[in-house]
Amino acid sequence: MTDKYYLKQEDASDNGIELTVRKPIQGPPAIDVTKLYRDQGLFTYDPGFMSTASCESNITYIDGEAGILEYRGYPIEQLAAEADYVEVAYLLLYGELPNSTQLQEFDEIITHHTMLNENLKDFFGGFHYDAHPMAIMVGVVGSLSAFYHDSLDINNPRHREISAHRLIAKMPTIAAASYKHNVSEPIIYPSNDLSYCANLLQMMFATPCESYQPHPIAVQAMNLLFILHADHEQNASTSTVRLAGSSQANPFACIAAGIASLWGPAHGGANEAVLNMLTEIGDVSNIDHYIDKAKDKKDSFRLMGFGHRVYKNFDPRANILREMSKKVLEELADSNNPTFELALRLEEIALKDDYFLERKLYPNVDFYSGIIYRALNIPNNMFTVMFAIARTVGWVSHWMEMMSDPKQRIGRPRQVYMGPSRRDFIPLKNRS
Ligand code: SDX
């Protein structure tokens, strides 16, 4: 593999400047341009970061062409089949699979951080009853830094670890409380004798009048969904968390920024948008009309749940979720669920259409996740909240990785300025 590249102006007589290459453990090499502006007065230009590596990381590896996703080297298919979400959270956070003692201790720590400060309950009450739960979650998570002054020294590794544990543990409680506010039911406290996923379902669907025993298939489906959504390299929300963290903002503020970024329908908001789209399509007979809309450049409509910046063959998570959605619908909902049938037909028709094949637009993780959440009686506006719960361990793992790097510095991209050249101020009386 070439170790050096040379950059020279078209008419230059010399060899130009030498650019070194950073070689990865796996994946594409990267040309190191860190000194390009200092030495040559040149910027690189890459809006959308199509060809930019923003950092080095040891956490997650994706090969978009081969449909490979690995957490700390372990293939997502094996983790999905064998692991528990808390076990995967430990792996992402600490870099190795836990032994039974480590797993038990970690599970205990997370379980005993699931309660919220009692004063936070009033916070939920301040929102209008129909506030979108993502709006509530952004606000509540950002406010956590007002409660944890004991662990805000971001230069203290132990403070960073406690904050990571608190965030992983409290996200389900905040999510469930947001849902309860939407349905005007009392907030249900976490139960320490339930697993992470069972606890979330219990906090959402139990009431003071009767307890709720989550269905084993529902717990299994949530566990799988959370593993598949736990991390994904330098996606938009993770990059948001890293950039916010680079200014040394506190971890709760950084994760609130990540939640805000995830909310967009081009990113984590797509799962909710998929179900809304399937509802709008309504019937198989309308699929061709909507596929034409998706292809029409004058129409802003896109086929939600299709396409990915990195995966250009298939999203391995979508394949796993397609199988799980069939199982959940057979066990928990009507197996001939019209929405699922519509999704299967839409996928089948789109994947025969040249427009999608030429652009390598395949179903992504969000295409099937919403169908499973619906089968678990989770409302559409809670789908991205579920994504945020699962992704929190990825966000905090990247934040921990960045903050423990002694070379860490504030992220501050430059630009190609295309605005007006220097001009003098015109007093108001002289303006036309
Ligand atoms: C997630 O980054 C991650 O890892 C994200 C994620 C994670 O785990 O963190 O994987 C989670 O966000 C999955 C993506 C969920 N979003 C959606 O399903 C929304 C629909 N998808 C698109 O918005 C789009 O595909 C993106 C945002 C996912 C990717 O956008 P890109 O890489 O910038 O691609 P693009 O917009 O430049 O599209 C390339 C071409 C364009 O056509 P041309 O200009 O070449 O003619 O494909 C077209 C686009 O118009 N296109 C679509 C389309 N997606 C892309 N056309 C119709 N429907 C679509 N869904």
Side-chain angles (χ1 to χ4, degrees), residues 46-54 57 59-65 67-71 76 80 88 92 225-242 258-278 280-281 287 289-321 343 346-347 349-351 353-371 383-384 386-395 397-398:
D46 186 15
F49 308 122
M50 308 285 279
S51 306
T52 293
S54 60
S57 178
I59 300 173
T60 291
Y61 174 69
I62 302 173
D63 179 330
E65 296 308 321
I68 289 173
L69 169 57
E70 295 168 354
Y71 292 163
I76 194 66
V88 169
L92 286 167
L225 281 158
F226 280 13
I227 289 171
L228 296 178
H229 285 81
D231 192 50
H232 214 242
E233 197 214 65
Q234 305 308 322
N235 58 84
S237 54
T238 299
S239 300
T240 301
V241 170
R242 279 182 173 260
I259 296 169
S261 171
L262 185 75
W263 196 0
H267 188 14
N271 52 19
E272 178 178 358
V274 166
L275 258 290
N276 295 338
M277 174 188 73
L278 291 172
E280 185 182 338
I281 293 173
I287 288 178
H289 168 65
Y290 279 87
I291 285 194
D292 289 342
K293 277 171 63 70
K295 291 154 60 172
D296 179 357
K297 291 303 166 202
K298 294 190 292 298
D299 192 323
S300 62
F301 175 80
R302 285 198 163 181
L303 222 44
M304 301 315 282
F306 274 78
H308 198 278
R309 169 61 58 77
V310 177
Y311 290 123
K312 296 305 179 189
N313 274 313
F314 61 93
D315 182 337
R317 304 167 296 178
N319 292 352
I320 296 168
L321 283 180
L346 177 61
E347 179 187 30
I349 295 170
L351 295 188
D353 187 296
D354 287 343
Y355 173 93
F356 292 89
L357 296 175
E358 284 159 13
R359 291 166 179 79
K360 300 185 173 184
L361 303 175
Y362 297 91
N364 57 49
V365 68
D366 293 300
F367 188 65
Y368 284 101
S369 57
I371 289 166
F383 293 176
T384 312
M386 297 292 120
F387 195 152
I389 295 171
R391 186 54 56 89
T392 294
V393 65
W395 290 332
S397 298
H398 282 275

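Quantities reported herein were computed from a predicted structural model and do not represent experimental measurements. In each ligand, atom 1 is the first atom listed, and ligand 1 is the first ligand listed. In this chain, numbering begins with 1 at the start of the sequence shown.
The closest protein non-hydrogen atom to atom 19 (C) of ligand 1 is M304 CE, 3.5 Å. Regarding atom 11 (C) of ligand 1, its nearest protein heavy-atom neighbour is H267 ND1, 3.8 Å. Residue, atom and distance of the protein heavy atom nearest to atom 17 (C) of ligand 1 are A270 CB, 3.5 Å. At the shortest separation from atom 47 (O) of ligand 1 among protein heavy atoms lies R359 CD, 3.5 Å. What sits closest to atom 51 (N) of ligand 1 on the protein, heavy atoms only, is L361 CD1, 3.6 Å. Protein heavy atom at the shortest distance from atom 42 (O) of ligand 1 is K297 NZ, 3.1 Å. Of the protein's non-hydrogen atoms, H308 NE2, 3.6 Å is the one closest to atom 6 (C) of ligand 1. Looking from atom 1 (C) of ligand 1 to the surrounding protein, the closest heavy atom is D366 OD2, 3.5 Å.
When each of D231, N235, T238 is tested with H398 by the rule side-chain hydrogen bond (donor to acceptor under 3.5 Å, both in side chains), just one qualifies, namely D231. Among Y362, F301, F367, the one residue that satisfies the ring pair (Phe, Tyr, Trp, His ring centres under 6.0 Å) test with F306 is F367.
For ligand 1, the atoms closer than 4.0 angstrom to any heavy atom of A266 are 12 (O), 14 (C), 15 (C), 16 (N), 27 (C). Under a 4.0 Å criterion applied to the non-hydrogen atoms of P265, ligand 1 contributes the atoms 16 (N), 19 (C). Heavy-atom proximity to G305, at under 4.0 Å, picks out these atoms of ligand 1: 17 (C), 18 (O). Interface atoms of ligand 1 facing R391, defined by a heavy-atom separation under 4.0 Å, are 7 (C), 8 (O), 9 (O).
For atom 55 (C) of ligand 1, a protein non-hydrogen atom is found at a distance below 4.0 Å. When distances from atom 21 (N) of ligand 1 to the protein are checked, a heavy atom turns up under 4.0 Å. Note that atom 15 (C) of ligand 1 has protein non-hydrogen atoms nearby, at separations under 4.0 angstrom.
With hydrogens and angles ignored, the 3.5 Å screen pairs a side-chain donor or acceptor of S397 with a backbone N or O of V393. A distance-only check finds no donor-acceptor pair linking the side chain of N271 to the backbone of S369 [under 3.5 Å].
From S237, atom OG reaches atom CH2 of W395 across 5.0 Å, with rounding to the nearest 0.5 Å.
Heavy-atom separations between Q234 and ligand 1 are all 4.0 Å or longer. Ligand 1 lies nowhere less than 4.0 angstrom from a heavy atom belonging to M50. Ligand 1 lies less than 4.0 angstrom from a heavy atom belonging to N364.
Looking at K312 next to ligand 1, no N or O pair under 3.5 Å apart turns up. Ligand 1 has no N or O atom lying under 3.5 Å from any N or O atom of F356, backbone or side chain.
The local environment of OH in Y355 is crowded, with over 12 non-hydrogen atoms from other residues, nucleotides or ligands closer than 6.0 Å. Taking a 6.0 Å sphere around NZ of K297, one finds it holds more than 12 heavy atoms contributed by other residues, nucleotides or ligands.
At a heavy-atom cutoff of 4.0 Å, ligand 1 is contacted by the side chain of Y355 but not by its backbone. If you look at K293 next to ligand 1, there are no close heavy atoms at all, none under 4.0 Å.
The heavy atom nearest to atom 59 (C) of ligand 1, out of those in L303, D231, I62, is found in L303. Nearest to atom 29 (C) of ligand 1 by heavy atom, out of K295, H232, R309, is R309.
Ring pair Y311/H232: centre-to-centre distance below 6.0 Å.
Summarising the geometry of L69 relative to Y71, their closest heavy-atom pair is CD1-CE2, 4.1 Å, with the distance given to 0.1 Å. Residues H267 and S261 approach most closely at CD2-O, 3.8 Å, considering heavy atoms.
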Could you walk me through whether M50 and R309 pass the side-chain contact (heavy atoms from CB on, under 4.5 Å) test, one step at a time? CA-CA 8 Å; M50 308 285 279; R309 169 61 58 77; 3.1 Å; yes
Stepwise side-chain contact (heavy atoms from CB on, under 4.5 Å) check, L361 with L303: CA-CA 9 Å; L361 303 175; L303 222 44; over 6 Å; no
Between L346 and M277, is a side-chain contact (heavy atoms from CB on, under 4.5 Å) present by the stated rule, with each step listed? CA-CA 11 Å; L346 177 61; M277 174 188 73; 3.8 Å; yes
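The shortest distance between side-chain heavy atoms of M386 and H229 does not fall below 4.5 Å.
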